[in-house]
Structure formats: structure tokens, C-alpha cells
There are 2 protein chains.
Amino acid sequence: MKLHVSPDIFPPRGHEAKRLSIVDSAATVFCREGFAGANIDLIAAEAGVSRQTIYNHHGDKEKLFVAVVRDLTERCNAGIFATIATFPDQPGDLEADLIGFAVRLNQNCICNRDGKFLRKLIQTEGERYPELFAEWREQGPGRTWPAIAARFARLAYGGYLTIEDPDVAARQFLGLVNAELQTTFMLGGSPREDEVLQSATNGVRTFLRAFGKRRSAASSEKQSALASA
Amino acid sequence: MKLHVSPDIFPPRGHEAKRLSIVDSAATVFCREGFAGANIDLIAAEAGVSRQTIYNHHGDKEKLFVAVVRDLTERCNAGIFATIATFPDQPGDLEADLIGFAVRLNQNCICNRDGKFLRKLIQTEGERYPELFAEWREQGPGRTWPAIAARFARLAYGGYLTIEDPDVAARQFLGLVNAELQTTFMLGGSPREDEVLQSATNGVRTFLRAFGKRRSAASSEKQSALASA
DNA sequence: GACGATTTAGACAAGAGTGTCTAAATTTGT
DNA sequence: ACAAATTTAGACACTCTTGTCTAAATCGTC
């Protein structure tokens, strides 16, 4: 009776390492091949474990899939909240700061491995697991959107922006900032760094044209001259 | 030797009807189950034909899949160009007209059966058939985006909008107008009519805040007077 | 009504994948 | 080094699916 080990992990270390390795490889294969097309033997090979070990850890293919999605959701959420924490609450250069935020959000949350995988799994298998993806929706969009909207509300309150509905503004911000990346996302590809920057720059400029405080007629001319450069 | 029949359809009518029915059902099943998960027997049952008939028409599963994507691409393109033709070139009420256009685009091209199916197939199987989806990209986005951009360019030339880059503006227009529908799209759902209208309305308003002519400026009145001449 | 072509149902072989089982090998903690 | 637990390789039964084949039924046309 060894009661001194941590309660939820009975075997010590290599065990967890394998569990992680399995979930990681499974994510890769499920994304590449789809649930039906994914092959347990292939996952095992990619993880460097035997097939039996997968069954020992996860029971069956469906449970493994659920574990993968839960894992990705958790990691993606963590990444998004970490990035939201870098939102420019007191911007020096509003345009530059918002572009920086948009680029970080894209690079660290949307275009990275976890983001790409989670997005694809939601798109491909979302309808097959309604409860699972309802859970994702609550934990993910349900919590991140309000968080982002609150930051924009704060910018508006601080006099940096003119916004009626912060929730709408937040969604439109993301829509604008990713406007040029849609086709790439569709095909599951990763945009190059310069494409991300370009899309973010164009998106933020339009966003500020719509919601930015215009100081005077002269400065808005300045702004558009800058934009066309 | 009956040379009087049309050259590409050897058996007369019921034949083509079955071919269509097969492709339609295949689209449904491929979308619901993915390529690997799709079952020829199920497609046959859904199409109301025997399995052998599918093999007679399309050879094998992969060729059937290609036929489905080609068919969807063609129909979607037709729909998009038909909708682009309704773009408000000489708007009376610019905001209302752009909202109408956005709603039509969504209802007739993006949220309808073909649009939903094509989007899902691209997302799920795009990486597996690079040539096929390269073809889609050329025929689809490669032709529709410039067409939409050209319409915005025309509005700008006519003095209705202030746009630097019509291509960017076109992509941002779509991004804004669909900003509130992203989560629904992700999960493969269809937004309700009022959600489409709401998203379009919010999107167009922001779009016009960024790109619309502000009436107070004297030069813009001049420009639109010039345009109407 | 008869003819030719198409469609159908069902059986079939071949292959692939899941999940189980077992005994041997390996790892881990002490 | 020992003992317990875990991992492994391989075989296995079972199911499902694809694609082919055949003979009978049906359809469309003249």
C-alpha cells in the first residue's frame, strides 16, 4: 500500500512520458488521416510504443481521440490566455502594439501545432462528438472571446478607441487580422511569418480606421499616407 | 451506330439522373464521414442505386471522390459569380446595398448545401489531394477574389469608397461580414438567417466606417459628382 | 412486344483494422 | 540485485470494406 505517491499517477515517470508521447502522436495521425482513417498501429509506431501499450493507457480508439481533443483544448486555451495577457492596455503606439498582439495571437495560438490540430479536429469530427465539442466551445471560445472583448472595452474606456459593442469589435478584429490567411487556413497550411505580419498590419490599419480616435483632419491624412507606404 | 445522340452522354436520360443522384449522395456521405469513413454501400443506399452501379459509373472510390469535388466546385463557382453579378455598382443606399450583397453571398454561396460541403471537403481532405485542390484554388478563389475586388475598385472609382488596395478591401469585407459566424462555420453548422443578417450588418457598418466617404469633406462630393457624369 | 443496354441482388475473395490474449523482455523502485 | 509492474512482439478472432463477378430483372426505344 504505497500511499505516498501522487494520487492520480500510479506508476511513476516513464509511464506518463509514454502517455504524452501517445497522445502527441495520436494528434498528428488523427489530424492527417481523420478519425476513421487513423490507424492504431501507425500511432503506436509514431509514438515508439507497442500497440498494446496504447490499449493499456486509453482503452480504445474513441477514448484515445477524446483524450487528444481534451489535451489540445487545454494547451490551446493556456496559450491564448497567456497571449491575451500581453494585450496592450496602455499602448504607446496603438497601431504597432495591436499589430504585435495580432501577430503573437496568430503565431502562438492559431498557426502553431496545437492550434492547427485542434482546428482541424473540430472541423472534421466536430459533428460526430457533439458533447465533446460543446465542452470545447464553453472552455475555448466561450471564455476567450469575452476576455479579448474586455481588453478592447478597456482601450475604449481609456479613450484609445471608439467602440459601441466590444464583443462585436473583438470578433471583427480577429476577422480583419486573419482576412488574408483564410485560404491557407482552409487547406490546413501554415502561413509564412511575413504573410501573418502583412495580414495583421492591413487588418489593424482598417480596424483603426473604423474605431480609432481621429485626432483631426490633418492627422488622418497623415495616417493614410503612412498606410499606403 | 447511332451518331445522332449527344457525343458525351451515350445512354440517354435515366443514366445521367443516376449519375447525379450518386454524386449528390456521395457528397453528403463523404462530408459526414470523411473519405476513409465513407462507405460505398451507404452511398449506394442513399442514392437509391446498387453498389455495382456506382462502380459502373465512377470506377472506384477515389474517382468518385474526385468527381464529387469537381462537381461541387463547379456549382459553387457558378453560384458565386451569379451573386457577384448582383453587386451594387451604383448603390442608392450604400450600406443597405452592401448588406444585401453580403447576405446573398452568405445564403447562396457559403451557407448553402454546396458551399458547406465543399468547404468541409477542402478542410478535411485538402492535404490528401494536392492537385485536385490546387485546381479548386485556381478555379475558385483565384477567380472569385479578383472579381469581387474589381467591384470594390469600381465603387472606389465611382467615389463611393476610399480604398487603397481593392484586393485587401475585398478580403477584409468578407472577413468582417463573416466575423460573427466563424464558430458556427467551424463546427459545420448553418447560421440562422437572423445571425447572417446581424453579422453582415455589423460587418458592413465597420467596413464603411473604415472605407466609406465622409460627407463633410468637400473633395469627396466633387469626386462623386465626377463619377456620376 | 421485342431487343439491347443498364441495373440489380447477392455471393465472393482479398485485404485491412480493431481489440484481446499470452508469454517473454524490460523497466522501476528499493 | 530483487521483486513488482509495465511494456513488448506476435498471434489471433472478428468485423468491415472494397472491388469483382454472375445471372436475373428492369428499362428505354423502336
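First the proteins, then the strands, lettered A, B, ... as listed; each starts at 1. Here the structure is a predicted model, which is why all the values come from computation and not from measurement.
- In this structure, CD of Gln52(B) is placed 12 Å from P of dG19(D), rounded to the nearest angstrom.
- Using a 4.0 Å cut-off between charged side-chain N and carboxylate O, Arg128(B) and Glu62(B) make no salt bridge.
- Of the candidates dG19(D), dT7(C), dT20(C), the closest approach to any side-chain atom of Asp60(B) belongs to dG19(D).
- When rounded to the nearest whole Å, the span between CG of Asp41(A) and P of dA9(D) equals 11 Å.
- To the nearest angstrom, C1' of dC16(D) lies 14 Å from CD1 of Ile40(B).
- Taking a cutoff of 4.0 Å between a charged side-chain nitrogen and a carboxylate oxygen, Arg205(B) and Glu95(B) qualify as a salt bridge.
- Note: CD (Glu33(B)) to C1' (dC16(D)) measures 14 Å, nearest angstrom.
- Protein atom NZ of Lys61(B) is 18 Å distant from nucleotide atom P of dG15(C), rounded to whole Å.
- Heavy atoms of His57(A) sit under 4.0 angstrom from primed sugar atoms or phosphate atoms, though from no base atom.
- The side chain of Tyr55(A) lies closest to dG19(C), out of dG19(C), dT20(D), dT7(C).
- Between Ile43(B) atom CD1 and dT17(D) atom C1' there is a gap of 12 Å when expressed in whole angstrom units.
- Looking at heavy-atom distances under 4.0 Å, Ala36(A) makes no contact with the nucleic acid at all.
- Counted by atom type alone, Thr86(B) and Thr83(B) present zero donor-acceptor pairs between their side chains at under 3.5 Å.
- As judged by a 4.0 angstrom heavy-atom cut-off over every strand, Ala38(A) is placed among residues touching the sugar-phosphate backbone only.
- Side-chain atoms of Asp71(B) do not come within 3.5 Å of backbone N or O of Ala67(B) as any donor-acceptor pair.
- One can place NE2 of His58(B) at 13 Å from P of dG19(D), the figure rounded to the nearest angstrom.
- Straight-line distance from the CD1 atom of Ile54(B) to the P atom of dT18(D): 10 Å, rounded to whole Å.
- In this structure, of dT8(C), dT8(D), dT20(C), it is dT8(C) that holds the atom nearest to the side chain of Lys18(B).
- No engagement by Gly37(B) is indicated, since no non-hydrogen atom pair under 4.0 Å with the nucleic acid exists.
- Here Thr53(B) reaches the OP1 or OP2 of dT8(C): one of its side-chain N or O atoms lies under 4.0 Å away.
- For the atom pair CG (Leu72(B)) and CG (Asp114(B)), the distance works out to 5.5 Å, reported to the nearest 0.5 Å.
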